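What follows is one structure encoded as C-alpha cells, with my remarks underneath.
Note that the structure is predicted; figures quoted are calculated from it, not measured. We name chains A, B, ... by the order of the sequence lines, and we start the count at 1 in each one.
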Amino acid sequence: NAGVMQNPRHLVRRRGQEARLRCSPMKGHSHVYWYRQLPEEGLKFMVYLQKENIIDESGMPKERFSAEFPKEGPSILRIQQVVRGDSAAYFCASSYNSQGNTIYFGEGSWLTVV
Amino acid sequence: GESVGLHLPTLSVQEGDNSIINCAYSNSASDYFIWYKQESGKGPQFIIDIRSNMDKRQGQRVTVLLNKTVKHLSLQIAATQPGDSAVYFCAENISGYSTLTFGKGTMLLVSP
C-alpha cells in the first residue's frame, strides 16, 4: 500500500449530495484504477485511467459516476446524487504501466450514505 | 476457499500451523495471478504473484501454487502467526488488459 494516497478516508453524505474521492498514485506511476468493495465481497473494477485519459470505464455505472485523472493533481472519483446503495469502500490503485506490473492499492475511502 | 452466499468462507488455524487458502479462477485466458491480504479497514496488500508459465513461486513464509489444468490457485502460509489474520483474495489478470478480477475472499483466523 505504500505510496498510494487516498482521501478522505471516511466520508458521510446524505442522499442526493455529491461525493468526491481523491487518489494520488505512487510516485512514478501513471496508471490509476478505481475499485469498489461492498461488505464481505471482493473488489469490483470500475475504471482505469492514465493521465488525462479514461482507458477503460467498463465497470463504471453509466449514470452519476465519473472519474478523471488530470495532468496535474490527483485522480478524482465523483459520485453525484448519492443513494444508499453507493455506500461502500472505494479503493484506488496504481501501477507503473499496464503490462502486468504489480498493482498497488491505497487504504481506501469509506463512503456512507445516510 | 469459495464464496458461499454473502458469507466469507473462513479458515481457522492455530498459531504455528501451516495454512492453505484456495481459489478457483474463472478465465482460462488469465496469465497473471496475485494474492492480496486485506486487514479490516485497510486496503489490499500485495503478498505474492505468479505468471502462468510457472507452477510454483515462493516468498517469505508464503508459497503460491498454480494448476492451470483445473484453474486452481492456492496460497500456503508457513508457521501462521496471529498477524496473518485477515481476508485473503486471489486476483487474475490477462496480460495487456488493465483490470484485475478478484475472487470473493477467504477469512483466515489465527488463534494464539
Side-chain angles (χ1 to χ4, degrees), chain A residues 1-7 9-10 21 23-26 29-50 53-60 67 69 88-110 112, chain B residues 1-10 21 23-27 29-54 57 59 64 73 86-109:
Chain A
N1 295 342
V4 180
M5 304 300 293
Q6 290 188 246
N7 69 83
R9 292 294 317 280
H10 298 275
L21 310 177
C23 169
S24 297
M26 281 183 72
H29 287 188
S30 59
H31 297 246
V32 165
Y33 314 81
W34 286 94
Y35 285 78
R36 177 164 62 176
Q37 185 177 34
L38 296 172
E40 293 200 346
E41 291 193 10
L43 282 74
K44 296 287 195 288
F45 169 77
M46 298 181 74
V47 61
Y48 161 42
L49 310 102
Q50 294 179 36
N53 289 304
I54 296 175
I55 307 302
D56 181 351
E57 55 182 349
S58 58
M60 192 99 97
F69 189 15
Y90 292 84
F91 290 98
C92 173
S94 73
S95 66
Y96 177 71
N97 61 33
S98 63
Q99 302 305 312
N101 286 91
T102 303
I103 296 173
Y104 294 94
F105 283 83
E107 294 287 76
S109 291
W110 267 256
T112 302
Chain B
E2 298 303 319
S3 177
V4 178
L6 294 176
H7 303 288
L8 288 174
T10 300
I21 300 171
C23 176
Y25 64 92
S26 56
N27 192 334
S30 294
D31 57 4
Y32 179 54
F33 305 89
I34 312 170
W35 279 100
Y36 286 93
K37 171 187 179 184
Q38 187 177 26
E39 297 174 277
S40 180
K42 294 189 176 182
Q45 178 185 1
F46 172 87
I47 302 174
I48 191 168
D49 58 1
I50 188 168
R51 298 193 184 276
S52 58
N53 60 352
M54 301 174 70
R57 190 163 186 227
V64 55
L73 197 65
V87 178
Y88 289 80
F89 292 97
C90 65
E92 59 184 297
N93 175 254
I94 302 173
S95 292
Y97 288 84
S98 53
T99 65
L100 290 174
T101 300
F102 280 80
K104 292 189 178 179
T106 296
M107 181 174 290
L108 176 65
L109 297 175

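Atom OH of A:Tyr35 sits about 5.5 Å away from atom CZ of B:Phe102, to the nearest 0.5 Å. Taken from CG in B:Asp49 to OG1 in A:Thr102, the straight-line distance is 5.0 Å, to the nearest 0.5 Å.
Looking at A:Glu107, its side chain never comes within 3.5 Å of a backbone N or O of B:Lys42 through a donor-acceptor pair.
Taking each heavy atom of B:Pro44 and A:Gly106 in turn, the nearest pair found is CD-O, 4.4 Å. In this structure, B:Gln38 and A:Phe91 approach most closely via the heavy-atom pair NE2-CZ, 3.3 Å. When all heavy atoms are compared, the tightest approach of A:Phe45 to B:Leu100 is CB-O, 4.4 Å.
Every residue meeting the ring-ring contact (aromatic ring centres under 6.0 Å, His included) condition with B:Phe33, not counting sequence neighbours, appears here in chain and number order: B:Tyr25.
Looking at A:Gln6, neither its backbone nor its side chain comes within 4.5 Å of chain B, counting heavy atoms on both sides. Heavy-atom distances place no part of A:Ile55 under 4.5 Å from chain B, backbone and side chain included.
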